A.B. asks: 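For reference, the structure I am asking about is given below.
Just so we're on the same page: letters track the sequence lines, and every chain starts at 1. Treat the numbers as computed from the prediction; the structure is a model and nothing was measured.
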Amino acid sequence: MAQISLKFPDGNARDYEAGVTPAEVAASISTSLGKKAISATVNDQHWDMQWPIPSDASIAIHTLKDDAQALELIRHDCAHIMARAVQEIWPDVKVTIGPVIENGWYYDFDREEPFTPEDLAQVETKMREIINKREPVTTEIWERDRAVKFYEANNEPYKVELIDSIPGNEPLRMYWHGHWQDLCRGPHLQHTGQVPADAFKLMNVAGAYWRGDSNRAMLQRIYGVAFKNKQDLKAHLTMLEEAAKRDHRKLGKEMDLFHMQEEAPGQIFWHPNGWTIYTELQDYMRRQQRRGGYVEVNTPQVVDRKLWEASGHWEKYQENMFIVEVDEEHAREKAVNALKPMNCPCHVQVYNQGLKSYRDLPLRMAEFGSCNRYEPSGALHGIMRVRGFTQDDGHIFCREDQIESETAEFIEFLSMIYKDLGFEKFSVKFSDRPEKRAGSDEVWDKAEAALLSATRAAGYEPEMNPGEGAFYGPKLEFVLTDAIGRDWQCGTHQVDFVLPERLDAVYIGEDGAKHRPVMLHRATLGSFERFIGILIEEHAGKLPFWIAPRQVVVASIVSDADDFCREAVAALKAAGVRAETDLRNEKINYKVREHSLGKVPVILAIGRKEVEDRTVTIRRLGEKQTQVVALDEVIASLNADAVAPDLR
RNA sequence: GCUGCUGUAGCUCAGAGGUAGAGCACUCCCUUGGUAAGGGAGAGGUCGAGAGUUCAAUUCUCUCCAGCAGCACCA
């Protein structure tokens, strides 16, 4: 047998026979390490304890102390153990796939009856039994035919299909957790007992399409979370409870921001408080866009289908548009219109009025564009995904050689605004050509290359999102995360060579000839609705003072203070602060509690002492201590706080 | 749209085959109280909509609507 040299993290190397497994290596170091070990990293690859090492390599043996590997394996083994538990309880259930995800795993099953919460409890119990048996995990590589026959014999059609989709040159690896077997890349733990029996929980069941394809079978997906120990699990569950309190739908009610009702699903009734946030944000954006060199326009809500046919939206999105049919009394035909689902074709109409010169480019056109889209019912989510919304939309008409600088400038514009609004971090995703698309491959090559290089030049290395682009061009997405970790696309920046062509936008170049401008579609916030939802959750309702809808409540402690309270509010209002009195016949404790729950940033209390001294007792949201300050002083400082970040 | 769950007072929720209950909020009265709920009284509901089963349905069944979780979708 050939000898190979394994190099350890401490720099030492030892010789072993070729084909030695990490399990043997660990055992050669110490018996206890052999038992504690969960996996290895061999030449930067996560390696099962059973896999032979063919040649010289670097090796690191992992135990449960190594978080990344431990969590990966615990969650992956949980997926297998759960699938085994399910099949032990209900042998007819067919298994499919079960990957590791953030904080846990899921596994998709095909079963006639729905899994109930009681079923999940039963599965959890069975999983603990399997873990406590400490059964060995073993693995083998199988021939394709053997695997297919095996799964056909076991009536596991999904597994057969999976094997068919694995490239022929890839080995098929089988894993056993005790007697139960699954097709799996691995690696896995050494035995089921290495999974902490008290640190996992099955969370919920939901439908999921086989292979993510809505034309195929709907399976049942069971989600679980798993950690290294009970404390971590508990911390995670507590975090989820806390996150639920920040849900914008809950805070929207508590802060009296907006409501939604059956008669207008997916549309928002903004209350005075919520609308204050909205208009403050819009005023802020309008100022920023002016500074950013945009001209603001406004375009129609109801537009004839002809324009949507010309733009290509009718063909692709007809089912998702609100159609408005109008019977003109003397018209031969019904006029068919659509509520505008987006602003781009309308902006091209504005652009097309009058002849444009290359000197006019780049032309940055912005609109707070109200759009309606008939989103699938299941897609609606609070104010984050709605059927009626307003984009802070904009289209930059430019030459090809301006794409890069315009993109870079927009990314800078967006970063500054996100920072102003409290989002230091956001992720950038790059989506390239989808299957259904307009435009030739050459045009797509050009657009993708231009956008990508501009993004990199601006200092961002985007996460790749293959095939997720818009039908007319590649897309840059700026993604923010809500309270419970769901990602939402907010900002976007897209290169489009297609729409100017379809809607015949031109400019006269230096050469006196007609040229096609490139259109950059961009939105910073995305939509006010979604962004406000994210903003509420990010701040847990405790919005920055300048954008908080109710900034100050002046509360009387005794009714003798009422006049001074009114005077204070009048002075605050005059200083540009949103202030109101609370003169109700209630104790100060009661008022403080109520306005704290309503997330009012500042409560000023006035009793007899304050009236005498012309002071107020100030209490800021989230703080217990109070401070007595002269009224004039408070007004000056709150006046400063009320200024939007761009005006400071 | 799909799978599953949910829908009872303004809000949060309990309840049961014989047409409903709590707390908070609301109105009135008492209380003027110093930083997260002072006390009392009162008013408030076609139990999401429609159909079916039943002597009787808000409760059981079906259809629809809306919401929630996830999937699919997201110009």
A.B. asks: Once you apply a heavy-atom cut-off of 4.0 Å, does A:Arg486 come out as touching a base, just sugar-phosphate, or nothing?
C.D. replies: sugar-phosphate

A.B. asks: Begin from the C-alpha positions of A:Arg385 and A:Arg530 and carry the test side chain to side chain contact (heavy atoms under 4.5 Å, CB included) through to its verdict.
C.D. replies: CA-CA 7 Å; A:Arg385 183 83 183 270; A:Arg530 176 174 296 179; 3.6 Å; yes

A.B. asks: Nearest whole angstrom, please: distance from the P of B:G4 to the CG of A:Leu120.
C.D. replies: 15 Å

A.B. asks: A:Gln494 CD to B:A75 P: how many Å, rounded?
C.D. replies: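 So the CD-P distance, A:Gln494 to B:A75, works out to 7 Å.
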
A.B. asks: Base, sugar-phosphate, or nothing: which does A:Ala470 touch, judged by heavy atoms less than 4.0 Å apart?
C.D. replies: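 Sugar-phosphate contact only - A:Ala470 comes under 4.0 Å of backbone atoms but never of a base.
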
A.B. asks: Using a heavy-atom cut-off of under 4.0 Å over every strand shown, decide if A:Gly382 touches base, sugar-phosphate, or nothing.
C.D. replies: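 Sugar-phosphate contact only.
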
A.B. asks: Applying a 3.5 angstrom cut-off to the pairing atoms, does RNA chain B sit in any stems of at least three consecutive Watson-Crick or G-U pairs? List them by first number.
C.D. replies: B:1-7 with B:65-71, B:10-13 with B:21-24, B:26-30 with B:38-42, B:48-52 with B:60-64

A.B. asks: Is any side-chain heavy atom of A:Ile97 less than 4.5 Å from a side-chain heavy atom of A:Tyr158?
C.D. replies: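 With C-beta onward as the side chain, the pair stays apart.
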
A.B. asks: With heavy atoms under 4.0 Å as the rule, sort A:His381 into base, sugar-phosphate or nothing.
C.D. replies: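 Since only primed, P, OP1 and OP2 atoms lie under 4.0 Å of A:His381, the category is sugar-phosphate.
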
A.B. asks: Quiz question: going by heavy-atom distance under 3.5 Å, is there a donor-acceptor pair between the base of B:G34 and the side chain of A:Glu610?
C.D. replies: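 Present.
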
A.B. asks: Under 6.0 Å from the CD atom of A:Glu263, do we count more than 12 heavy atoms belonging to anything else shown?
C.D. replies: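 Yes - once you tally the heavy atoms of other residues, nucleotides and ligands closer than 6.0 Å, there are more than 12.
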
A.B. asks: By nearest heavy atom, map A:Ile603 and A:Asp560 onto RNA chain B; which one lands nearer the 5' end?
C.D. replies: A:Asp560

A.B. asks: CG of A:Leu380 versus C1' of B:A69: gap in Å, rounded?
C.D. replies: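 Atom-to-atom, A:Leu380 to B:A69, this comes out as 14 Å.
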
A.B. asks: Return yes if some donor-acceptor pair links the side-chain N/O of A:Trp308 with the main-chain N/O of A:Pro345 below 3.5 Å, else return no.
C.D. replies: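 A pair under 3.5 Å: no.
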
A.B. asks: Closer to the 5' end of RNA chain B via nearest nucleotide, is it A:Met260 or A:Gly378?
C.D. replies: A:Gly378

A.B. asks: For the side chain of A:Arg385 and the base of B:C73, is some donor closer than 3.5 Å to an acceptor across the two?
C.D. replies: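 Answer yes: a donor N or O sits under 3.5 Å from an acceptor.
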
A.B. asks: Can you check whether any acceptor in the base of B:G34 is under 3.5 Å from a donor in the side chain of A:Thr617, or vice versa?
C.D. replies: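 Such a pair is found, so the answer is yes.
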
A.B. asks: Using 4.0 Å as the upper bound for N to carboxylate O, is an ion pair formed by A:Lys475 and A:Asp432?
C.D. replies: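 So A:Asp432 does not pair with A:Lys475 through a salt bridge.
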
A.B. asks: Starting from C1' on B:A75, measure out to CE on A:Met321 and report it in whole angstrom.
C.D. replies: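 Result: 10 Å.
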
A.B. asks: What interatomic distance, in whole Å, is found between C1' of B:G48 and the corresponding atom of B:U59?
C.D. replies: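 My reading of the C1' atoms in B:U59 and B:G48 gives 15 Å.
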
A.B. asks: For A:Leu597 and B:C11, what is the distance between atoms CG and P respectively, to the nearest whole Å?
C.D. replies: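 To the nearest whole Å, that distance equals 17 Å.
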
A.B. asks: Need one value for A:Tyr106: base, sugar-phosphate or nothing, where a base atom within 4.0 Å counts as base even if backbone is also close, heavy atoms only.
C.D. replies: nothing

A.B. asks: For A:Phe115 and B:G4, do the ring centres fall under 5.5 Å apart while the planes stay under 30° apart?
C.D. replies: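 Answer is no, no stack.
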
A.B. asks: Using side chain to side chain donor-acceptor pair (under 3.5 Å) as the criterion, point out the one residue from A:Arg584, A:Glu586, A:Lys591 that pairs with A:Ser556.
C.D. replies: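 Output: one option passes, namely A:Lys591.
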
A.B. asks: Please state whether the base of B:A75 and the side chain of A:Arg437 form at least one donor-acceptor pair under 3.5 Å?
C.D. replies: no

A.B. asks: Rounding to an integer number of angstrom, what distance separates B:G38 and B:C13 when you compare their P atoms?
C.D. replies: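 Result for the P pair: 24 Å, nearest Å.
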
A.B. asks: To the nearest angstrom, how far is A:Phe471 atom CZ from B:C73 atom P?
C.D. replies: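 Rounding to the nearest Å, CZ of A:Phe471 and P of B:C73 are 17 Å apart.
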
A.B. asks: Please measure how far the P atom in B:U19 lies from the corresponding atom in B:U6, and state the result in whole Å.
C.D. replies: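 My reading of the P atoms in B:U19 and B:U6 gives 25 Å.
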
A.B. asks: Categorize A:Lys436 for me: base, sugar-phosphate, or nothing, with a 4.0 angstrom heavy-atom threshold over every strand shown.
C.D. replies: nothing

A.B. asks: Heavy-atom count around A:Gln627 CD within 6.0 Å, excluding the residue itself: above 12?
C.D. replies: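 12 or below, so no.
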
A.B. asks: Tell me whether the rings of A:Phe115 and A:Trp90 are parallel (<30°), tilted (30 to 60°) or perpendicular (>60°).
C.D. replies: perpendicular

A.B. asks: For A:Asn320, report the nucleic acid contact type (base, sugar-phosphate, nothing); a contact means any heavy atom under 4.0 Å.
C.D. replies: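 If one applies the 4.0 Å heavy-atom cut-off, A:Asn320 turns out to touch a base.
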
A.B. asks: Any N or O donor-acceptor pair under 3.5 Å from the base of B:U32 to the side chain of A:Ser559?
C.D. replies: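 A donor-acceptor contact between them is present.
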
A.B. asks: Can a donor-acceptor pair under 3.5 Å be found between the side-chain atoms of A:Tyr209 and the base atoms of B:G1?
C.D. replies: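 Under the 3.5 Å cut-off, the side chain and the base do form a donor-acceptor pair.
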
A.B. asks: Measure the distance from CD on A:Glu586 to C1' on B:G34 and round it to the nearest whole Å.
C.D. replies: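 Between C1' of B:G34 and CD of A:Glu586: 15 Å.
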
A.B. asks: When you measure from every atom of RNA chain B, which of residues 299-312 of chain A have a heavy atom less than 4.0 Å away?
C.D. replies: none

A.B. asks: Is it the case that atom CD in A:Glu309 sees more than 12 heavy atoms from other parts of the structure closer than 6.0 Å?
C.D. replies: yes

A.B. asks: For the pair made of NZ in A:Lys599 and P in B:A36, what is the distance, rounded to whole Å?
C.D. replies: 15 Å

A.B. asks: Please classify the nucleic acid contact of A:Pro376 as base, sugar-phosphate, or nothing, using heavy-atom distances under 4.0 Å.
C.D. replies: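 Contact class for A:Pro376: base.
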
A.B. asks: For a quick check under 3.5 Å, do A:Ser596 and A:Glu594 share a side-chain donor-acceptor pair by atom type?
C.D. replies: no

A.B. asks: Which residues pass the salt bridge (charged side-chain N to carboxylate O under 4.0 Å, His left out) test with A:Lys250, sequence neighbours left out?
C.D. replies: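 Once residues adjacent in sequence are excluded, the partners of A:Lys250 under the salt bridge (charged side-chain N to carboxylate O under 4.0 Å, His left out) criterion are A:Glu254.
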
